[in-house]
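Notes to accompany the following structure.
Bear in mind the structure is a predicted one, so any value in this text is a computation, not a measurement. Every chain is numbered from 1, with letters handed out A, B, ... down the list of sequences.
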2 protein chains.
Amino acid sequence: MAARTAPTSPITTPCCATVGSTDFDVADATELAKGFAALADPVRLHLLSMITTSGPGGACVCDLIEPSGRSQPTVSHHLKVLREAGLVTSEKRGTWAWYHVVPDRVAQLRGALAD
Amino acid sequence: MAARTAPTSPITTPCCATVGSTDFDVADATELAKGFAALADPVRLHLLSMITTSGPGGACVCDLIEPSGRSQPTVSHHLKVLREAGLVTSEKRGTWAWYHVVPDRVAQLRGALAD
DNA sequence: CCGATATATCGATGATTGTCAATATATTTC
DNA sequence: GAAATATATTGACAATCATCGATATATCGG
């Protein structure tokens, strides 16, 4: 805690003024942080980009491995991270797996960055 | 690489169709990933929220420590991460340090999540 | 100059992460 | 059923991270 009385800001705000009126929900923060953590890797951003720009049928994993520049197990791992973060869903059709973006989850994270 | 010929999607998209037309810039992805990594922690989201909702004079660190529920060195560390990610700037006025949000950087990350 | 205070840095530690090779599972084709 | 293929899982390892206590640096008030 601030024991000494803080000085006045050179502008108009007094020191130690209440920072905003909205209470910060720690549970929400943890959920958002998990989402952002999934985006905190260039390979996963690349994967998400490819899945996003794929058609309505989704993106086949077989098309994601080579452009990612990573091994198949590594790509599978990153897709799992994206899935568990709620950013994509997967669907198996025959031998192939197809991934789709979850627009609502992306929008939620985008909305958290509103100004 | 996909040695076997892939089947047709149940919808209209053929398998292994080219996923999107926009080339993915790896350098951009790395820069974006660094930004999202800074947001991938509940404590930093809380700090950023408090700094964002503070007035034009910025947020005094002395006001951020107690609500964060973390020790002073830990808060200092997280603020450094946010600073090095370009999300906030710091200014020292006397004994106190004041932090400001960098709206352009936040907007850049938000824009990367566009649908 | 001295004591008090605000913030940053250092050092250590336990936890998490990204990566790949090896292996497992499941599906298709012959 | 056997061989081939697509994807997932496991195990290991180096690297990074979140956290705190201790300490350093700097500023203010007397």
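OP1 or OP2 of D:dA8 has at least one side-chain nitrogen or oxygen of A:Tyr99 nearer than 4.0 Å.
Between A:Ala85 and A:Ala38, the shortest heavy-atom contact is CB-CB, 3.5 Å.
Here the side chains of A:Thr89 and A:Val101 are not in contact, with every heavy-atom distance at 4.5 Å or above.
For A:Thr53 (side chain) and A:Ser49 (main-chain N/O), a donor-acceptor pair under 3.5 Å exists by modelled atom type.
Computed from coordinates, the A:Trp96 CH2 to C:dT27 P distance equals 12 Å when rounded to whole Å. Residue B:Glu84 contributes atom CD, which lies 12 Å from atom P of C:dA8 at whole-angstrom precision. Between the P atom of D:dA8 and the CG atom of A:Leu79 lies a distance of 7 Å, rounded to the nearest Å. Distance CG (B:Leu47) to P (C:dT7): 13 Å, rounded to an integer number of Å. Distance, B:Ile65 CD1 to D:dT19 P: 14 Å, rounded to whole Å. The distance from atom CG of B:Leu64 to atom P of C:dA6 is 13 Å, rounded to the nearest whole Å. To the nearest angstrom, P of D:dT19 lies 16 Å from NZ of B:Lys80. A straight line from CG of B:Asp63 to C1' of C:dA6 spans 12 Å, rounded to a whole angstrom.
In terms of hydrophobic clustering, with Ile, Leu, Val, Met, Phe, Trp and Tyr side chains grouped at heavy-atom distances under 4.5 Å, B:Val81 and B:Leu48 are assigned to different clusters. Tracing side-chain contacts under 4.5 Å through hydrophobic residues (I, L, V, M, F, W, Y), one reaches A:Val88 starting from A:Phe36; they form part of the same cluster.
Residue B:Leu87 is tested with B:Leu79, B:Leu109, B:Thr52, B:Leu47 for a side chain to side chain contact (heavy atoms under 4.5 Å, CB included); the sole match is B:Leu109. Considering B:His46, B:Arg83, B:Arg44, B:Arg70 as possible partners of B:His78, the one that fulfils the side chain to side chain donor-acceptor pair (under 3.5 Å) test is B:Arg44.
Closest-nucleotide positions on DNA chain C for B:Val61 and A:Gly94 were compared, and the one nearer the 5' end corresponds to B:Val61.
Helix bend of the helix from C:dC1-D:dG30 to C:dC30-D:dG1: the angle between its two end axes, each built from five pairs, comes to 30° after rounding to 10°.
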- Audit row: B:Ser76, B:Gln72, side-chain contact (heavy atoms from CB on, under 4.5 Å) steps and yes/no: CA-CA 6 Å; B:Ser76 192; B:Gln72 178 269 318; 4.0 Å; yes
- Message: So if I define the base as every atom that isn't primed, P, OP1 or OP2, how would nucleotides 18-25 of chain C read as a B/S/- string at a heavy-atom cutoff under 4.0 Å?
- Response: SBBBB---
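If you take CG on A:Asp63 and OG on A:Ser68, they are separated by 11.5 Å, rounding to the nearest 0.5 Å.
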